[in-house]
Protein chains: 2
Amino acid sequence: MRRRSFIAASAGLAVIQGTDAIAANQPAPAGDLRGRTRAELPTPALLVDLAAFEANVRTMADHCKKAGCGFRPHAKTHKCPEIARRQINAGALGVCVATVPEAEGMVAAGVRGVLLTSPILEPGKIARMVALAQKGEVMLSLGHARQAELLNDAAGQARVTVDVLIDVDVGDRRTGILPGEPALELARLVARSKHLRLRGIQAYAGHASHVVGFAQRDKVSREAMGRAVATRELFAKAGLNVTILSGGSTGTYNIDSTIRGVTELQVGSYVFMDVDYRRIGGRNEQAVYSDFRPSLTVLTTVVSATHVDRVTVDAGTKALDTTVSWRAEAQGIPGLTYRAGGDEFGILTAEAGAKLPRLGDRLEFIVPHCDPTTNLYDRIYAMRGERVEAVWPLVARRESRS
Amino acid sequence: MRRRSFIAASAGLAVIQGTDAIAANQPAPAGDLRGRTRAELPTPALLVDLAAFEANVRTMADHCKKAGCGFRPHAKTHKCPEIARRQINAGALGVCVATVPEAEGMVAAGVRGVLLTSPILEPGKIARMVALAQKGEVMLSLGHARQAELLNDAAGQARVTVDVLIDVDVGDRRTGILPGEPALELARLVARSKHLRLRGIQAYAGHASHVVGFAQRDKVSREAMGRAVATRELFAKAGLNVTILSGGSTGTYNIDSTIRGVTELQVGSYVFMDVDYRRIGGRNEQAVYSDFRPSLTVLTTVVSATHVDRVTVDAGTKALDTTVSWRAEAQGIPGLTYRAGGDEFGILTAEAGAKLPRLGDRLEFIVPHCDPTTNLYDRIYAMRGERVEAVWPLVARRESRS
């Protein structure tokens, strides 16, 4: 019954997988969906292919072990405690998180070694992180003296010592203090703060992660991380603790892990991959970056088929993040292109001669950008082939909580 | 203490409101935040200004009453049962919804008169809508014979009669059957289906709603709705029930409500407004569409201020939808521009001479597009001036559920 005619993964652009049209009188899914087939899932749904996912987890762990570099994967990509546990079981030092609710969700699920990579200024949020520090192993990154002062005061009130990294802006220009003397001055402030414990440096080169072409990416990342390493040496000369230098991304993991002084990688997207990363190109100047396999898809249903040149699927900007400037493209089905048709729908258009899916057909898309897509869902269906092996809850999708 | 220097609402682009820097040692917000001030809310947070919101609810209700046209506001904009109740109390016939979880959330909250405007093909979802039909007043829209057959079968099994509108594609090209004879044929199929009750037509002209310039918008909308009215006449001649002709949008409410034959408006964004709608221009060719007041904002905190030309706020694509092609702009603070700086951050840049906000300052943004932004949150803080009057829960943000 199944016509899975195209699982090609070529050219770094979105791949569409077709599955069979839904059966009439299929029962309403209810409760636990474990053991059900792909055809029984309500759409739009977020799916992870376990074979590809497990290979990705292994590949990164093996690489880091071989390179002698630690890794603390970024959980903002997945927001999933089960994935965090699997990454840690494979050798990760813990996970990074981008928000306080993510930190709370991970700690509540028993995940340890949680590093908050984003700066926080609100006293309420600082108090929440201090409360987590009392419960288990969490670290914060700081880019401003005022943050250090607020955190030290809150830690003192709670009678806890909080681990801190100095967030250094190595060219990303979003967060962190400038490298060199400004960073050193902040590190000294942290070191003499009674309730803070300086652990080292965070240096995230977001401007390097998606540079297209390996040679250029290598150059940009080495320049950026060179600033972090130089700052680390300044700290060391001043007798400050620099046990940790945390940086890197899925795009630069095989660059940054070879830089002397980098102790751990903040790799995120490698577990899922996405179209955005696939197009940056591979190490030997391959067009497609294929070190990791696309494992994350959004399953959709064709809900309208009125016109000869297009069909409509039930996934628009509320279900399949399309904030990136280029469109997801259908490489797997020749002549088909996906674009968001507003918030609720996606439009598949066909060139002359291309065959459009039928009404009720189910189509799977590799997502343009994994992080903001998982942010739209509260669960991932973990698929072993055609069957749901597990349903993984996601935490902290709700950015605003009391 | 408060420096609210700029609440200008000019030029149809995003307005930034500045509030005071957060006080040190502010307590961690916990539990019920009613009665707290704006400065105590964790960011990013979704806020509605009740004065503006209530004026919008009243303006639309008054207009429709005067025009002799019903309205069934689209709840995909807000996903908020409390807002639905207020719209209905003001005179709305019920609400439209875009997804089955939205329908379930609204019915569970006691909202009646729920119209599902999107087509569904999955038997599981059809069964869920039939279950809602057993509980209360819901309607579905259909654009394909197969949908009618599946729905009739499911309704028969549940021994319920389901109200149905024929979804007619009047130029939007996303959902619906073609107007004229194809629509008539589908209506006849519905009319002779034992467990379906034909109620009329849905015709959503999404391609008209955001046409910039009133004269052109008027032209496009009248052409589109003309096709719906002609189809309605065909139905009537054939002796079919056409009690309802549902269409229209916030952009065309004062056009479609004057078209003879249109019985109700599916207006959505008017309760909140957004930058996208403000720029379409007003009735008398004003640059800003100001029939409704911007009431929805995202509250953010400046979390990094390292550079002289920019600061970073804690709202990127995960908190402030930026799928529209243009950027939110800071009209209120001269020389300031917002752009998403990735998933977690927003970047405010300043032209030469413009004054940047300080670290810890809190800034409010009118959202680029309200629907996909509310989709990112699970609650709205309803503000009466500086104070939280109520916290409104949102339903069905999670698209995928069992």
Side-chain angles (χ1 to χ4, degrees), chain A residues 22 24-31 33 42-46 76 98 118-125 127-128 143-144 146 150 169 173-178 206 301 303-304 306-307 312 317-319 322-323 341-345 347 359-360 371-372 375-379 398-402, chain B residues 22 24-31 33 42-46 76 98 118-125 127-128 143-144 146 150 169 173-178 206 301 303-304 306-307 312 317-319 322-323 341-345 347 359-360 371-372 375-379 398-402:
Chain A
I22 46 173
N25 297 318
Q26 162 204 354
L33 287 158
T43 61
L46 192 64
K76 71 183 171 71
S118 302
I120 50 172
L121 264 295
E122 297 164 83
K125 282 193 182 161
R128 287 155 66 184
H144 289 277
R146 187 168 169 212
L150 289 169
D169 183 346
R173 306 196 81 220
R174 291 188 296 188
T175 71
I177 195 160
L178 295 175
T301 301
V303 292
S304 190
T306 296
H307 300 280
T312 302
T317 56
K318 285 182 179 176
T322 52
T323 52
D343 306 331
E344 313 292 343
F345 301 115
I347 307 292
L359 188 70
D371 297 25
N375 190 52
L376 299 170
Y377 292 83
D378 74 325
R379 68 189 57 181
R398 306 171 165 194
E399 289 296 331
S400 174
R401 38 189 269 180
S402 56
Chain B
I22 47 173
N25 296 319
Q26 163 203 354
L33 288 158
T43 63
L46 192 65
K76 72 183 170 71
S118 301
I120 50 173
L121 264 295
E122 297 163 83
K125 283 193 182 161
R128 287 155 66 184
H144 290 276
R146 186 167 170 212
L150 288 168
D169 183 347
R173 306 195 81 218
R174 291 187 297 188
T175 71
I177 195 160
L178 294 175
T301 301
V303 292
S304 190
T306 296
H307 300 280
T312 303
T317 55
K318 285 183 180 175
T322 53
T323 50
D343 306 331
E344 313 291 344
F345 302 115
I347 306 293
L359 187 71
D371 297 26
N375 189 53
L376 299 170
Y377 292 84
D378 73 326
R379 67 188 59 181
R398 304 170 168 197
E399 289 296 330
S400 171
R401 38 189 268 178
S402 55

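By convention in this document, chain letters (A, B, ...) are assigned in the order of the sequence lines, proteins followed by strands, and residues within each chain are numbered from 1. In this text, all values refer to a predicted model and were calculated from it rather than measured experimentally.
When each of A:G143, A:G206, A:G176 is checked for heavy-atom pairs under 4.5 Å with chain B, A:G176 comes out on top.
Atom-to-atom distance recorded for A:E344:CD and B:T175:OG1 is 11.0 Å, nearest 0.5 angstrom. Put simply, CG on A:L121 and OG1 on B:T301 are 7.0 Å apart, with the number rounded to the nearest 0.5 Å.
Looking at A:I347, the atoms closer than 4.5 Å to chain B (heavy atoms on both sides) all sit in the side chain, from C-beta outward. Residue A:D169 touches chain B through its side chain alone, counting heavy-atom pairs closer than 4.5 Å.
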Side chain to side chain contact (heavy atoms under 4.5 Å, CB included) evaluation trace for B:H144 with A:T306: CA-CA 8 Å; B:H144 290 276; A:T306 296; 3.9 Å; yes
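Nearest heavy atom pair, residue B:D343 against residue A:K76, reads OD2-NZ, 4.4 Å. Between A:K125 and B:P42 the shortest heavy-atom distance is CE-CB, 4.4 Å. Nearest heavy-atom pair across B:H307 and A:L178 is CE1-CD2, 3.8 Å.
Within the 3.5 Å criterion, the main-chain N or O of B:G341 finds a donor-acceptor partner in the side chain of A:R174.
The closest side-chain heavy-atom distance from B:V303 to A:I120 is not below 4.5 Å. In this structure, B:K318 and A:D371 have side chains that are in contact, with non-hydrogen atoms separated by less than 4.5 Å.
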